[in-house]
Chemist: 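My structure is below; once you've seen it, I'll send some questions.
All of these numbers come straight from a predicted model, not from anything done at the bench. So you know, we letter chains A, B, ... as the sequences are listed, proteins then strands, and number each from 1.
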Amino acid sequence: MHIYRSHNCGELRKENAGLIVKLSGWIHSVRDHGGVIFIDLRDHYGLTQIVIDPKCDFYQELEKWRVETVVCFSGKVLGRTPETTNSKIPTGAIEVAAESMEILGEADIIPFQVAKEEQAPEAMRLKYRFLDLRRDRLHKNIILRSQVISEIRRKLMDMGFNEFQTPILTSSSPEGARDYLVPSRLHPGQFYALPQAPQQFKQLLMVAGFDRYFQIAPCFRDEDARADRSPGEFYQLDLEMSFVTQDDIFAVIEELFSYIFSKFAADKNVDSTPFVRIPYKEAMLKYGSDKPDLRNPLVIADVSSVFKESGFNAFASVVQKGGVVRAIKVPGIAGQPRKFYDDMIAFAQGCGAKGMAYIIWTGGEEKSPIAKFMKREELDSLKELGKISDGDVMFFLADKEKAVTEIAGQVRTELGNRLGLLDKNAFRFCWITDFPMFELDEETNKVIFSHNPFSMPQGGMDALLSKDPLEIYAYQYDIVCNGVELSSGAIRNHRPEVMYKAFEIAGYGQDTVDEKFGGMIRAFKLGAPPHGGIAPGVDRMVMLLAEEPNIREVIAFPFNQQAQDLMMNAPCEVTEKQLRELHIRIVQPKDKKDKAQEVKAEEVKA
RNA sequence: GGGGGCGUAGCUCAAUUGGUUAGAGUGCCACCCUGUCACGGUGGAUGUUGCGGGUUCGAGUCCCGUCGCUCCCGCCA
């Protein structure tokens, strides 16, 4: 017999009764009856009940055992009587009568319980991540992640994609997020950068003729954390295709996502393909966001024209000064108490609104703090515009367009959450398309790239030459699921002359482009196919599928919010010798330096 | 860099709103218990109330500072 096990802890059934077996695993729980002792033995595959009779020669050793000790038991599989069967676990019809026992790994007192789903402070969970990973919830999440990635690979292979690795040590690129830098030993004063994404490499693979590429790619960005953004590193399903239009890429992702989401969220309502496409401008107007949660049925509408000549001066003057008025209709909530409206107004003000008006249509008339200032025909046109029926309510916000768009978006989300309007059982996808190629820098008032400078402008060179830059759209798109931005992508600009022109509009000369993106420009001058791609965030996909509110719950060994690994103690100081070899000298920031000196001074005193 | 929330036993949380010796569950330790499966029972130990200062006759509670964790803004082509 194998020295550790003949079976795992999840596989024995009624039919196995009578077998002599050997099981290894963790002591999940102990139920000591004074005489007979029951132990639930746990491994990756499940739980099996071990029964220990007082006559066992190792019975006395029991005292030393604690939960989470790793033990190997041999014994006979016994069928349980109907009264003693445990229907909660798959192995509940049997138990193993222990005949011999060996301790494989003792456990001290554990800092938080593994067998019970009690909460524990995040810092402690991260420090003892291996313990947390033993717990059911995290263990399942990480397995789900593994299965999702494996299905993605299989599906993409079937669709004719090839997986390639790209360098982890590469060069710093000027645009985008802050880089993680790695000092070079052989080249004093020079640095590698960890890739923020394999962007240029995947485009070069297309130039190299590989046609369809993908990679589960590690990406490194030195930016601050959010609930859905792990600092340090994360994984993208990076993919790129040659000789494609935007629609070809949408079709691939739609096929992949509907397959993956249907497979791993079978109980959920997954949008059928093709997914809804919403131009960026429309998304900003209707949802106040470029990542709208379509589970929320509320929609924002522009009602500026109604208020332009209104007797309600606060709004009329905003419109006359070039601002806008936006309305959110909420059906059938006329019965809400006064406090609800006060709370919503306070929420809007918290988002930066000067105020928020509302009209309640009830009993054939308008109840509202502002109705008395408005003309009959204004109220009627609002009613018509919003297709209002009795019991409906409209909220109004007025300000400069940019401000009111964002505030209305937040109010829409808050209304949806507070009123429970979201369909919790759905995955609602949409594409956001037609992002502007350029925008005005708010501070300098100069034209800058609004997203990815490598995107192909819609209309190509003609558009760059003839149109107002701010009117040019890019072949750039996002895919959004339930309000989570899963990915950005683009049809790339593969024509050097178009790229030079685009950079020129954004204020960069040809020499700058040659210097910063020399490798790619050189490649594009030697025969580049039209190509495009996308790079959905793997962590975020798994987070949605696992219904976790926080991305750390789907990463085996995540950083904390301060980008530290509390288990491995990273980052950490290194030796003087290492620094010398790398030609690096540390200059502490002033406040840190003072603190370090204080600590030293106290150490000297002590 | 900025704003909000939290910080009391190993862990989860109480503490009558400033008033006696800071409690409970769980975990831990000891003893009892031969069919449990979150086993049960009896008893016990466990606290710089994150840290520092202040107000007060009196501070877990109020004030100031600081540290830690977290959520958000900035940032994330």
Chemist: To the nearest Å, give me how far apart CD (A:Gln564) and P (B:C67) are.
Modeler: 14 Å
Chemist: Among A:Thr433, A:Ile534, A:Ile479, A:Val244, exactly one meets side chain to side chain contact (heavy atoms under 4.5 Å, CB included) together with A:Phe250. Which residue is that?
Modeler: A:Thr433
Chemist: Please determine, for the side chain of A:Asn560, which listed nucleotide (B:C28, B:U36, B:C69) has the closest atom?
Modeler: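 Nearest to the side-chain atoms of A:Asn560, counting from C-beta on, is B:C69.
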Chemist: Under 4.0 Å, heavy atoms only, any strand: does A:Gln49 hit a base, just the sugar-phosphate, or nothing?
Modeler: base
Chemist: Check if the side chain of A:Glu122 and the base of B:G68 share a donor-acceptor pair of N or O atoms closer than 3.5 Å.
Modeler: no
Chemist: Look at all strands and tell whether A:Arg125 reaches a base, only sugar-phosphate, or nothing, counting heavy atoms closer than 4.0 Å.
Modeler: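 Counting heavy atoms under 4.0 Å across all strands, no contact is made by A:Arg125.
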Chemist: A:Pro54 has a side chain; which of B:C69, B:U34, B:G27 sits nearest to it?
Modeler: B:U34
Chemist: Across nucleotides 72-77 of chain B, 5' to 3', mark each nucleotide with B, S or - according to how protein heavy atoms within less than 4.0 Å reach it.
Modeler: SBBBBB
Chemist: Could you identify the nucleotide paired to B:C69, looking across every strand shown and requiring Watson-Crick or G-U wobble geometry with both distances under 3.5 Å?
Modeler: B:G5
Chemist: Atom CZ of A:Phe112 and atom P of B:C13: how far apart are they, to the nearest Å?
Modeler: 15 Å
Chemist: On the nucleotide B:C39, are OP1 or OP2 found under 4.0 Å from the side-chain N or O atoms that A:Arg31 carries?
Modeler: yes
Chemist: Which part of the nucleic acid does A:Ser29 contact within heavy-atom distance under 4.0 Å: base, sugar-phosphate only, or nothing?
Modeler: sugar-phosphate
Chemist: Does the separation of the ring centres of A:Phe503 and A:Phe517 fall below 6.0 angstrom?
Modeler: yes
Chemist: Taking any heavy-atom pair under 4.0 Å as a contact, classify A:Gln200: base, sugar-phosphate, or nothing.
Modeler: nothing
Chemist: Given B:C28, B:C37, B:C69, identify the nucleotide with an atom nearest to the side chain of A:Val67.
Modeler: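 Per side-chain heavy atoms of A:Val67, the pick is B:C28.
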